[in-house]
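Worth saying up front: this structure is predicted, and the values here are computed from it rather than measured. The analysis underlying the following values was restricted to heavy atoms, covering all of them including side chains, and did not include hydrogens, waters or symmetry mates.
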Amino acid sequence: MERILLSFFAIWMCLSVTSCSDDDEPYDHPFVHIMADGGASRVTVNSDVNNVNSYNVYLSSKALTKNLVVNYEILIGDGLQAGRDFELVTQGNSLTFLPGIYDMAVRIRWKPNKVDPTKNNTLTIRLTGNSMDFTLGLPGPDGLQRELVIEKKNP
């Protein structure tokens, strides 16, 4: 019995020493990132598809009280051509996150057209900045999920 009481006392002491006070700030590092389903930073689309795909940009932060504008650029490989292989449905080069919105889509209409497999058949959506200086990509030195590469391939 004495051993059980001693164990409970030791557990209580550990919990008392490690408990957080009301003054402790929770970890908060706001960031914006882009990814495909499952967290992928690279996806493929078949050259025979004829549909509109949405590629989501996500905001990770506590609730905002004003709009956040996220800028991006589209980089097109030498094997793809706008109008022939794809069409950008989302116009401009920025997305505006209103308070309470945590994901916005860049939409691309893919058109059926075979590609030359010897060329660079990628389209990259790269985050370039934002109005609140939030981190672009996942926090950390690698900058993961700062861009999404979409490769068009023949089936």
Side-chain angles (χ1 to χ4, degrees), residues 14-15 18-155:
C14 288
L15 292 175
T18 61
S19 67
C20 297
S21 71
D22 292 337
D23 296 333
D24 287 341
E25 286 285 320
Y27 178 75
D28 179 33
H29 186 107
F31 62 96
V32 179
H33 63 112
I34 185 168
M35 66 177 184
D37 292 338
S41 291
R42 188 174 185 95
V43 294
T44 60
V45 62
N46 284 339
S47 64
D48 60 354
V49 341
N50 185 18
N51 64 335
V52 176
N53 290 359
S54 295
Y55 303 98
N56 287 330
V57 176
Y58 298 93
L59 165 64
S60 179
S61 77
K62 48 185 161 180
L64 301 179
T65 58
K66 58 184 179 177
N67 295 351
L68 169 70
V69 177
V70 176
N71 301 314
Y72 64 91
E73 64 184 351
I74 304 290
L75 306 169
I76 303 165
D78 66 351
L80 298 181
Q81 183 179 349
R84 181 190 68 195
D85 296 295
F86 68 92
E87 175 186 326
L88 298 174
V89 177
T90 304
Q91 297 299 305
N93 62 350
S94 66
L95 300 170
T96 301
F97 288 78
L98 301 174
I101 303 296
Y102 293 93
D103 61 275
M104 299 282 298
V106 174
R107 299 182 62 185
I108 299 172
R109 178 182 315 280
W110 292 101
K111 297 183 172 198
N113 186 55
K114 289 217 179 263
V115 294
D116 179 346
T118 65
K119 293 193 175 186
N120 178 353
N121 298 304
T122 63
L123 183 146
T124 301
I125 305 168
R126 179 179 295 154
L127 304 178
T128 60
N130 64 79
S131 61
M132 294 186 186
D133 271 340
F134 289 175
T135 295
L136 297 175
L138 300 179
D142 297 334
L144 299 175
Q145 296 184 3
R146 184 175 182 168
E147 67 180 26
L148 176 66
V149 178
I150 307 148
E151 183 175 10
K152 190 171 185 180
K153 287 186 171 185
N154 297 325

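- Under the 4.5 Å side-chain criterion, counting only non-hydrogen atoms from C-beta, Ile74 is not in contact with Thr124.
- Side-chain contact between Val70 and Phe134 is absent, with no heavy atoms from C-beta onward closer than 4.5 Å.
- For the pair Lys62/Asp28, a side-chain contact is recorded, criterion being any heavy-atom separation below 4.5 Å from C-beta on.
- When each of Val32, Leu59, Leu64, Val69 is tested with Met132 by the rule side-chain contact (heavy atoms from CB on, under 4.5 Å), just one qualifies, namely Leu64.
- More than 12 non-hydrogen atoms from other residues, nucleotides or ligands lie less than 6.0 angstrom from CG of Asn51.
- Side-chain polar atoms of Ser47 and Asn154 form a donor-acceptor pair below 3.5 angstrom.
- Looking only at side-chain heavy atoms (C-beta outward), Ile150 and Trp110 come within less than 4.5 Å of each other.
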Item to check | Worked check of side-chain hydrogen bond (donor to acceptor under 3.5 Å, both in side chains) between Asn113 and Asp85 | outcome: CA-CA 6 Å; Asn113 186 55; Asp85 296 295; 2.8 Å; yes
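- Using a 4.5 Å heavy-atom cutoff, the side chains of Asn56 and Ile34 are not in contact.
- Within 6.0 Å of CG in Asp78 there are more than 12 heavy atoms belonging to other residues, nucleotides or ligands.
- Minimum heavy-atom separation, Thr90 to Arg107: OG1-N, 2.7 Å.
- The shortest heavy-atom contact between Glu151 and Arg42 is OE1-NH2, 3.4 Å.
- Ser60 and His33 form no side-chain donor-acceptor contact under 3.5 Å, judged by distance and modelled atom types alone.
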Item to check | Evaluation steps, side-chain contact (heavy atoms from CB on, under 4.5 Å), between Ile108 and Tyr55 | outcome: CA-CA 8 Å; Ile108 299 172; Tyr55 303 98; 3.9 Å; yes
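- Summarising the geometry of Leu123 relative to Leu80, their closest heavy-atom pair is N-CD1, 4.0 Å, with the distance given to 0.1 Å.
- Heavy atoms only, all atoms of each residue included: Met35 and Tyr58 are closest at CG-CE1, 3.8 Å.
- Considering every non-hydrogen atom in both Tyr72 and Gly92, the closest pair reads OH-O, 3.3 Å.
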